[in-house]
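Indexing begins at 1, ligand by ligand and atom by atom, following the structure's order. Just so you know, these numbers use all the heavy atoms, side chains as well, and skip hydrogens, waters and symmetry mates.
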Amino acid sequence: MRAVGITEFGGPEVLQIVEKPVPEPGPGEVRIRVAAATVNPADTVLRSGRHGPPEGLEPPYVPGMELAGTIDVAPGGSGFRPGDRVMAIVSPRTAGGGAQAELVVVPADSVVAVPDGISLIEAATLPMNGLTARLALDLLGLSPGETLAVTGAAGAVGGYTIQLAKVAGLRVIADAWPKDSELVRGLGADVVVPRGEEVATAIRLATGDGADALVDAAVMGPLVLAAVRDGGQLAALRSFRGETERSVKIIPIWVGDYLHEQDKLAGLAALAADGRVTLRVARTLPAELAAEAHRRLEAGGVRGRLVLTF
Ligand SMILES: NC(=O)c1ccc[n+]([C@@H]2O[C@H](COP(=O)([O-])OP(=O)(O)OC[C@H]3O[C@@H](n4cnc5c(N)ncnc54)[C@H](OP(=O)(O)O)[C@@H]3O)[C@@H](O)[C@H]2O)c1
């Protein structure tokens, strides 16, 4: 079967279509015939080798953390049947490899049905970034009426975070370039402030004492600490490099902790089905153009997810 493969680490050009053996599902696993798999910042990190090779795996490594397709093989009792339309979160650092392959084996509890009315291409954009936003909000544990600030608000994690925060009854302050303001407001932000190095000052002005918590999807780190009230919380999407201040608690987020949270993924799918979570596709490209997708993502300015089709 065909897969996007990383044989050596480097720039986008190292991505190639490779042939891999058809993966066989083990106990508790299903095999999915992939229609669509997204390209995320995590894939560019894997490709670059910045975090080293996936432990215990041999190249070519297959990137991709989320997909949608149809069930190819499912054991009795899994709740799935061949032909079912499904979406799944996938870890490219486990034996099965990542999502960007024709056939992918995943634990059944990483998979949920795609609701009617949602295409497989749209569905592929939900699992990983939706669960990341879900996890961040679960860990922050804010109460209705509290204020959440979001950086990188026009991005995938940022957008889902805004929408889930509004479902939870939070007040949301989000950053954006002027050209993205409408988009971010449309996602539900109550207040939109200019993005950039002064964003913390702008959030503080909008909140008085600072936000109760901040989800730092732009990975600005210590630069945005001042946006958070004394004793508040900052959810860090990558390692927080620096010191905290005023007892602001740094909450590290790792979506790998939600690989098997099927109920939470089903909850996100239900919100997408009733329009409270918006699935944004920037562009679809055939898997053969994975390198082009990486170039576009790394250039910045992509709104919605780039989706590879198989
Ligand atoms: N820890 C985890 O489990 C986990 C899970 C998912 C994602 N992540 C990480 O979370 C981050 C966001 O992911 P994503 O998928 O949402 O990425 P994305 O879709 O590319 O969104 C990132 C957004 O941040 C904006 N941005 C970049 N630099 C900024 C700055 N200095 N100030 C304000 N905005 C800025 C980008 O704008 P431009 O496009 O204009 O640059 C983009 O709109 C990535 O670093 C990703 O690796 C971590």
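- E19 places a side-chain N or O within 3.5 Å of a backbone atom of M1 that can act as its donor or acceptor partner.
- With rounding to the nearest 0.5 angstrom, the CG atom of D216 is 9.0 Å from the CG atom of L223.
- Under the 3.5 Å distance criterion, with hydrogens and angles disregarded, a donor-acceptor pair is assigned to the side chains of Q163 and T278.
- Pairs passing the side chain to side chain donor-acceptor pair (under 3.5 Å) check and including a residue from residues 87-98, sequence neighbours excluded, do not occur.
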Nitrogen or oxygen contacts under 3.5 Å, ligand 1 side and protein side:
from	atom 1	to	atom 2	distance (Å)
ligand 1	1 (N)	L237	O	2.8
ligand 1	1 (N)	I253	O	2.7
ligand 1	3 (O)	V255	N	2.8
ligand 1	15 (O)	R305	NH1	2.8
ligand 1	16 (O)	A156	N	3.2
ligand 1	16 (O)	V157	N	2.8
ligand 1	19 (O)	A156	N	3.0
ligand 1	19 (O)	R305	NH2	2.9
ligand 1	34 (N)	R195	NE	3.4
ligand 1	37 (O)	R195	NH1	2.9
ligand 1	39 (O)	G301	N	2.7
ligand 1	39 (O)	R303	NH1	2.9
ligand 1	40 (O)	R195	NH1	3.0
ligand 1	40 (O)	R303	NH2	2.9
ligand 1	43 (O)	G155	N	3.4
ligand 1	43 (O)	R303	NH1	3.3
ligand 1	45 (O)	R238	NE	3.1
ligand 1	45 (O)	R238	NH2	3.4
ligand 1	47 (O)	R238	NE	3.1
ligand 1	47 (O)	R238	NH2	2.8

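- D175 places a side-chain N or O within donor-acceptor distance of the main-chain N or O of G152, the cut-off being under 3.5 Å.
- The CD1 atom of I251 sits 12.5 Å away from atom CG of L237, with the distance rounded to the nearest 0.5 Å.
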